[in-house]
Amino acid sequence: QVHLVESGGGSVQAGGSLRLSCTVPGGTTENLSIGWWRRGLGSGREFVASMSWSGRMTFYGDSVKDRFTIGRDNTTNAVYLQMDNLKPEDTAVYYCARRTGGSYYFEYEYDSWGQGTQVTVSS
């Protein structure tokens, strides 16, 4: 297990942007395959984006493709999720987690879930 912490959530109007960060306090996300998931009110957890440990491969959920970008920030040792052109349906608690292997799209392939950060998009 790894201790992951999300930050950067907040409230924004539709069309706006937010950047979330996933960090390991006192450590680094280097060599970790990290994914972002979200849970809207009354919904199950939805896959948002993920990246390989090297960062060379990235994967996105259909609902966020072409609007969100996952990447590694080497200056802060964080994995970020840049969210542009936000929509009200993006409102959710966003979680980062470590992928332990296998598919990037299945929740059971992830562990070390963070506590989540709230993103609220108003119309």
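We use all heavy atoms of the structure for the numbers below, so side chains are in, but hydrogens, waters and symmetry mates are not. As the structure is a prediction and not an experimental result, all values here were calculated from the model.
- Side chains of L32 and V2 form a contact here, defined as non-hydrogen atoms less than 4.5 Å apart.
- Using cut-offs of 30° and 60° on the angle between ring planes, the pair W37 and Y110 is perpendicular.
- Side chains of T100 and D111: a donor-acceptor N/O pair is absent below 3.5 angstrom, by distance only.
- Remark: side-chain polar atoms of Q82 are not paired, donor with acceptor, to backbone N or O of T69 under 3.5 angstrom.
- Separating the CE atom in M83 from the CZ atom in R67 is a distance of 9.5 Å, to the nearest 0.5 Å.
- Using modelled atom types, one finds a donor on one side chain and an acceptor on the other under 3.5 Å when comparing E46 with S63.
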Is there a side chain to side chain contact (heavy atoms under 4.5 Å, CB included) between M57 and Y104 once you walk through the steps? CA-CA 10 Å; M57 295 190 295; Y104 288 84; 3.6 Å; yes
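- Judged by distance alone, with hydrogens and angles left aside, the side-chain atoms of T29 form a donor-acceptor pair with the main-chain N or O of N77 at under 3.5 Å.
- Closest of all the heavy-atom pairs between S50 and G35 is OG-CA, 3.7 Å.
- When side chains are defined from C-beta on, R38 does not count as touching F47, because their heavy atoms never get closer than 4.5 Å.
- Here the side chains of W36 and L20 are in contact, with some heavy-atom distance below 4.5 Å.
- Looking only at side-chain heavy atoms (C-beta outward), T58 and F68 stay at 4.5 Å or farther from each other.
- A single hydrophobic cluster is seen to contain both L4 and V119, as judged by linkage of ILVMFWY side chains at heavy-atom distances under 4.5 Å, directly or through other members.
- Under a 4.0 Å N-O distance rule, the pair D62/K65 qualifies as a salt bridge.
- Between H3 and P25 the shortest side-chain heavy-atom distance falls below 4.5 Å.
- T23 and S21 share no donor-acceptor pair across their side chains, judged by distance under 3.5 Å alone.
- By the criterion of side-chain heavy atoms lying less than 4.5 angstrom apart, applied directly or through intervening Ile, Leu, Val, Met, Phe, Trp or Tyr residues, L81 is not grouped with Y95; the two fall into different hydrophobic clusters.
- Side-chain contact between Y60 and V48 is absent, with no heavy-atom pair separated by less than 4.5 Å.
- Here Q115 contributes atom CD and S7 contributes atom OG; the two are 8.5 Å apart, rounded to the nearest 0.5 Å.
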Go through the steps for N85 and D66 under the test side chain to side chain contact (heavy atoms under 4.5 Å, CB included), then give the verdict. CA-CA 9 Å; N85 190 20; D66 300 325; over 6 Å; no
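- In this structure, the side chains of V12 and T120 stay at 4.5 Å or more apart for every pair of heavy atoms.
- Remark: side-chain polar atoms of S33 are not paired, donor with acceptor, to backbone N or O of R99 under 3.5 angstrom.
- For the atom pair I34 CD1 and C96 SG, the distance stands at 6.0 Å (nearest 0.5 Å).
- Between the side chains of S103 and E109, no donor N or O sits under 3.5 Å from an acceptor N or O.
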Could you go through N74 and E30, starting from their C-alpha distance and side-chain angles, then the distance that decides it, and tell me whether this counts as side chain to side chain contact (heavy atoms under 4.5 Å, CB included)? CA-CA 8 Å; N74 293 322; E30 187 177 5; over 6 Å; no
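- One hydrophobic cluster holds both W113 and V93 under the rule that ILVMFWY side chains link at heavy-atom gaps under 4.5 Å.
- Side-chain atoms of V121 and L18, non-hydrogen and from C-beta on, never get closer than 4.5 Å to each other.
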